[in-house]
K.L.:
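This is the structure I want to talk about, given as structure tokens.
Starting from 1, each residue takes its place in the sequence as its number. As a basis for the values below, the full set of heavy atoms in this structure was taken, side chains included, without hydrogen atoms, waters or symmetry mates. If you're wondering where the values come from, they're calculated on a predicted model, not measured in any experiment.
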Amino acid sequence: MTYALLKAAHLISLFAWIGGMTAVAIVLRYPDRTLLNQIKAYDRAVTSSAMVAAWVFGISLAVMGGWFSQSWLAIKVLFVLVLSGLHGVLAGKLRRYTSDVVSPEPGSKLFLPFGLMLVTIIVLLVTLKM
């Protein structure tokens, strides 16, 4: 029962984290002053908290499952670190966009597909445990 609740909490926090990152990536691509400020508040309150919760619940699941010796987990952690770094980049750009009038940068259209690619790889690693 504890494992199932931890897994549910991990998934719920992941949905909130990835959903928030997706919203930030879209808003950065098509900046709107009002929406930028609303997303910034949401990112601070929900998305960042969800990322921390996902890490805590994920580590708890790995401890409970005894998976630290398995190679798929090491690879997954690497991709989750990259995803966490992408979240930091998006949050930093969001702060800059809300403090200045900035036009979208050329690379900003790649944030969403790159993030979704990382999530896809992570889901495959966890599901297939290979």
K.L.:
side-chain contact (heavy atoms from CB on, under 4.5 Å) with Val27: which residues, sequence neighbours excluded?
P.N.:
Leu35, Leu36, Ile39
K.L.:
Group every Ile, Leu, Val, Met, Phe, Trp and Tyr by side-chain heavy-atom contacts under 4.5 Å, then state whether Leu78 and Leu14 land in the same group.
P.N.:
no
K.L.:
Ring of Trp67, cation from Lys129 - is the NZ or CZ under 6.0 Å from the centre and inside 45° of the axis?
P.N.:
yes
K.L.:
Would you say Leu125 ends up clustered with Ile59 if hydrophobic residues are merged whenever their side chains have heavy atoms under 4.5 Å apart, either directly or through other cluster members?
P.N.:
yes
K.L.:
Please round to the nearest 0.5 Å and tell me the distance separating atom CZ of Arg95 and atom CZ of Arg44.
P.N.:
6.5 Å
K.L.:
Keeping the roles fixed (side chain from Arg29, backbone from Val24), state whether a donor-acceptor pair exists under 3.5 Å.
P.N.:
no
K.L.:
Would you name the heavy atoms of His10 and Gly58 that are closest together and state the gap between them?
P.N.:
ND1-N, 3.3 Å
K.L.:
Quick check: is Met64 connected to Ile12 through a chain of hydrophobic side chains (ILVMFWY, heavy atoms under 4.5 Å apart)?
P.N.:
no
K.L.:
Enter the distance from Ile18:CD1 to Leu116:CG here, rounded to the nearest 0.5 Å.
P.N.:
8.0 Å
K.L.:
Could you walk me through whether Phe68 and Val63 pass the side chain to side chain contact (heavy atoms under 4.5 Å, CB included) test, one step at a time?
P.N.:
CA-CA 7 Å; Phe68 281 104; Val63 168; 3.5 Å; yes
K.L.:
Under the side chain to side chain contact (heavy atoms under 4.5 Å, CB included) rule, what do Trp17 and Val52 come out as? Steps first, then yes or no, please.
P.N.:
CA-CA 9 Å; Trp17 177 22; Val52 172; over 6 Å; no
K.L.:
Does Val46 sit in a hydrophobic cluster with other residues, and if so which ones, taking ILVMFWY side chains as linked at heavy-atom separations under 4.5 Å, directly or through other members?
P.N.:
Tyr42
K.L.:
With rounding to the nearest 0.5 Å, note down the distance linking CG in Leu86 to CZ in Phe79.
P.N.:
13.0 Å
K.L.:
Any chance you could lay out the side chain to side chain contact (heavy atoms under 4.5 Å, CB included) test for Val77 and Trp55, step after step, and finish with the verdict?
P.N.:
CA-CA 10 Å; Val77 168; Trp55 271 100; 4.3 Å; yes
K.L.:
Locate the shortest heavy-atom distance separating Ser13 from Ala50; write the atom from each residue and the value.
P.N.:
O-CB, 3.4 Å
K.L.:
Could you go through Leu124 and Thr120, starting from their C-alpha distance and side-chain angles, then the distance that decides it, and tell me whether this counts as side chain to side chain contact (heavy atoms under 4.5 Å, CB included)?
P.N.:
CA-CA 6 Å; Leu124 286 171; Thr120 301; 4.2 Å; yes
K.L.:
Check whether any side-chain N or O of Ser99 sits under 3.5 Å from a backbone N or O of Arg96 as a donor-acceptor pair, and report yes or no.
P.N.:
yes
K.L.:
Can you give me the closest heavy-atom contact between Asp43 and Ala91, atom names plus distance?
P.N.:
OD2-CB, 3.6 Å
K.L.:
Between Ser49 and Ala45, which heavy-atom pair has the shortest distance, and what is it?
P.N.:
OG-O, 3.0 Å
K.L.:
What's the separation between atom CG in Leu90 and atom CG in Leu94, rounded to the nearest 0.5 Å?
P.N.:
8.5 Å
K.L.:
Check for me, please, whether Val56 and Leu83 land in the same ILVMFWY cluster - side-chain distances under 4.5 Å, paths through other members count.
P.N.:
no
K.L.:
Has Lys40 got more than 12 heavy atoms of other residues, nucleotides or ligands less than 6.0 Å from its NZ?
P.N.:
yes
K.L.:
Taking all atoms of both residues into account, what is the closest heavy-atom pair of Thr47 and Met21, and its distance?
P.N.:
CG2-N, 3.9 Å
K.L.:
Rounded to the nearest 0.5 Å, how far does CD1 of Ile122 lie from CD1 of Ile75?
P.N.:
12.0 Å
